[in-house]
J.: 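First the structure, which I've put down as structure tokens, then a few questions once you've had a look.
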Amino acid sequence: MSVFNLEALLALLGLFVLLLEAFVPSVSSKALAGICVAGVAGVLVLLVTVAGGQEALPAFVGAYHQLDSLAMFYKAFALVITFFVLWLTLEASPYLNKFSLDGKLGEMFSLPLFVCVGMMWMASAKDLVTVFVSLELVTVSFYVLVAYTRKSALALEAGVKYLILGALSTGVLVFGVAWVYGATGSLSFEGITNAVQGGEVNKTALLFGVSFLLAGLGFKVAAVPFQMWVPDVYQGASTPTTVFLSVGSKAAGFVVLTRVIEALTVSGSMVREEVITVLSIAGAVTVVVGSLPALFQTNVKRLLAYSSISHAGFLLLALAARDSVRVDLSPGGTVAFYLATYLPMTVLGFAALIQMRLNGRGEELDDFKGLAQKSPSLALLVTLAFASLAGLPLTAGFFGKMWVILGLVDQQLWFALACAVIGAAAGFYYYFRVILAMFTPEESTEPFRMGVLARAVCMVLGLTIAVLGVYPKPLQTLLAKVPAAGTSASGH
Amino acid sequence: MITLNHYLFVSGALFALGLAGVVVRRNIIIIFMCLEMMLSAANLALVGFSRFRVTDGLPDYAAQSLVFFTITVAAAEVAVGLAVIVALYRTRQSVEVDTITRMQG
């Protein structure tokens, strides 16, 4: 038993749940969710305990699969977010199953497992073929997940939009891969690294391919100018799926982007300057384009969608600051840290939206009015989550944003720095608008109920945000092992 | 004599045609066909590059293996995609993109 078998194990569990739902119609949503949650938790335990490292791999996959610390981190990340998504699906099932065709949510429990498998394989990918196949496993599963609650007109609309733009990004990505292969003669990250260092590459062809490749990946992580699908899809999809897209899909896109960028910007690379320029401009514009519409949003789910674009911009900027060494974290490490803090606050924010729906409220800003009177504990936790998303000091979100900004100062990317500061300042405005709404008194006698499990999980998430905000050292130490650009792929 | 440039030109033309179709056409089924055309363009480029990178008299097969994966994935995408489009047609009685504009802003 090695780490290499875990994905297969999880895929088998996914198939089992899919067939169980089809052949035993009497099985309840709770039982299905229980099996999946237990399976994901079990695999997470195995990931930490069983033998890891490159020697755990069978010889024949050594060329396609790697188990470095970055891969291990993103595997654990994929499992954790899948765990929370399954819990959110169960939590939201009382209202979600009204929108599915047969009043059940069978595939909404098995499909996240396949998405998780795709994300785990992607974390280990060593070449663009593996990246492509695992990325498509994730994307095609998401097509179904987004459109699954199809009795809701918005979900179906979101599903079609995601389908068309997702398929478009796939076409662009493969076209880019073809040209990168044509220019460098290799599909593996190692081969591409060597080729761009060697200098015997047609630079025009390479840049042509790289721009399509980055555009394809830009779709997946919602970078400008490929972000237009995000607000509609996030708003229309069921809330657990939105969380999965916002955290899981973004993390999957960024692990690939981290590896691609590292291969292309290795020291001595012929396209290093161009790639860094594109990244910093795309990141800076993404931060602003995500932040400005969020200022005027009254629908909180849509507001979180725009804010998610802005976070993607910050992550791109973290990758653009190539040589920043201020916090012992490589650019890839900073991205991983940012995503690790982004997970609890996003899950908590959306979990609150689900609790609102369960209590017969909507997702508009006005629906948040009076929440502090009805449920002081939830209001407090949501305040923590939104303050952290804004990047308030002493919350988890602060360090990620601060390190990105410090990295930009180090690299003297002034345009990007200005945009990042504008985006962060706008963030304070639109997140605190929601917090303000919660603490606005409202005359209403309806009670606000919350289950024991929901209360407990929200508490844990809130605690994580607070602890990481005060004491980020353990996570930082864990990620300090992530090697910097050039050292992982070519080993010099 | 057909050279690599001929293949790349046809591939680029197919890709541009597909992209133009996605942007211009309003029928979702046609848009989907155009998307498949873009994938075929990428496949053609991959096979072309692979065939003309000869070592020891044999082409480099790495890229051609990617083509098989692309074809498989495209089939899966069509299966899911058409199902979603059928679901849309059942509720709206139309597959025009102009009917899916409820969310804006």
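Letters go in sequence order (proteins before strands), and every chain restarts at 1. Worth saying up front: this structure is predicted, and the values here are computed from it rather than measured.
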J.: Side chain from CB out, backbone as N, CA, C, O: work out which of these in A/F212 comes under 4.5 Å of a heavy atom of chain B, or both, or neither.
T.: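 The side chain, not the backbone.
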J.: Under a 4.5 Å cutoff for heavy-atom pairs, which residue among A/V172, A/V133, A/L168 has the most contacts with chain B?
T.: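 Highest number of heavy-atom pairs under 4.5 Å: A/L168.
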J.: Which atoms of B/L4 come close to chain A, meaning under 4.5 Å heavy atom to heavy atom: side chain ones, backbone ones, both, or neither?
T.: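 Neither; nothing under 4.5 Å.
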J.: We want to know whether A/Y148 and A/E107 form a side-chain donor-acceptor pair, criterion being a heavy-atom distance below 3.5 angstrom.
T.: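 A pair is found: one side chain offers a donor N or O, the other an acceptor, under 3.5 Å apart.
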J.: Using a distance-only test with no angle check, is there a side-chain donor-acceptor pair under 3.5 angstrom linking A/K220 and A/S249?
T.: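 The criterion, which ignores hydrogens and geometry beyond distance, is not satisfied for A/S249 and A/K220.
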J.: Counting neighbours of CD on A/E200 that are heavy atoms of other residues, nucleotides or ligands and sit closer than 6.0 Å, is the number greater than 12?
T.: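 Incorrect, the count does not exceed 12.
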J.: So which of A/S188, A/S186, A/G176, A/G185 has the biggest tally of heavy-atom pairs under 4.5 Å with chain B?
T.: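 That would be A/G185.
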J.: Select one option (side chain, backbone, both, neither) describing which atoms of B/F69 are under 4.5 Å from chain A's heavy atoms.
T.: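 Answer is both: backbone and side chain atoms of B/F69 are under 4.5 Å from chain A.
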J.: Looking at B/M37, B/E77, B/M38, B/R92, which makes the most heavy-atom pairs under 4.5 Å with chain A?
T.: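 Ranked by heavy-atom pairs under 4.5 Å with chain A, first place is B/E77.
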J.: I'd like to know if the side chain of B/S40 pairs up with that of B/N43 as donor and acceptor (distance under 3.5 Å, no hydrogens or angles considered).
T.: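 Looking only at side-chain atoms, B/N43 and B/S40 do not form any donor-acceptor pair under 3.5 Å.
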J.: Is the ring centre of A/Y306 less than 6.0 Å from the ring centre of A/Y430?
T.: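 No, the ring of A/Y306 stays outside the 6.0 Å limit from the ring of A/Y430, centre to centre.
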J.: Can you tell which part of B/L35 gets under 4.5 Å to a heavy atom of chain A, answering side chain, backbone, both or neither?
T.: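 Just the side chain, heavy atoms under 4.5 Å.
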J.: With a 4.5 angstrom heavy-atom cut-off, could you sort out which part of B/L44 is near chain A: side chain, backbone, both or neither?
T.: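 Interface part for B/L44: neither.
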J.: In terms of the angle between their ring planes, are B/F49 and A/Y181 parallel, tilted or perpendicular, with boundaries placed at 30° and 60°?
T.: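 The rings of B/F49 and A/Y181 stand perpendicular, inter-plane angle above 60°.
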J.: In terms of heavy-atom pairs under 4.5 Å, which option from A/V140, A/D127, A/L173, A/L156 contacts chain B the most?
T.: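 Max contact count across the listed options: A/L156.
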J.: With respect to chain A, which residue among B/S65, B/S11, B/A87 yields the maximal number of heavy-atom pairs within a distance under 4.5 Å?
T.: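 Top option by heavy-atom pairs under 4.5 Å: B/A87.
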J.: Specify which of B/G48, B/A83, B/S50 makes the most heavy-atom pairs with chain A at under 4.5 Å.
T.: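 Heavy-atom pair counts peak at B/S50.
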J.: Top residue by heavy-atom pair count (under 4.5 Å) with chain B, among A/V129, A/V146, A/V177, A/N299?
T.: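 It is A/V129.
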J.: Taking the side chain as every heavy atom from C-beta outward, state whether A/K301 and A/T242 have any pair of such atoms under 4.5 Å apart.
T.: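 The answer is yes; the side chains approach within 4.5 Å.
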J.: Below 4.5 Å, heavy-atom pairs only: which of A/G166, A/G171, A/A147, A/G182 has the largest tally toward chain B?
T.: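 Max contact count across the listed options: A/G182.
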J.: Before giving the answer on salt bridge (charged side-chain N to carboxylate O under 4.0 Å, His left out), spell out for B/R51 and B/D60 the whole-Å C-alpha distance, their side-chain angles and the decisive distance to 0.1 Å.
T.: CA-CA 7 Å; B/R51 183 64 189 80; B/D60 179 11; over 6 Å; no
J.: If I measure from the heavy atoms of chain A, does B/T91 come under 4.5 Å with its side chain, its backbone, both, or neither?
T.: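 The side chain, not the backbone.
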J.: Short question: side chain of B/D56, backbone of B/L58 - any donor-acceptor pair under 3.5 Å?
T.: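 Not a single qualifying donor-acceptor pair exists.
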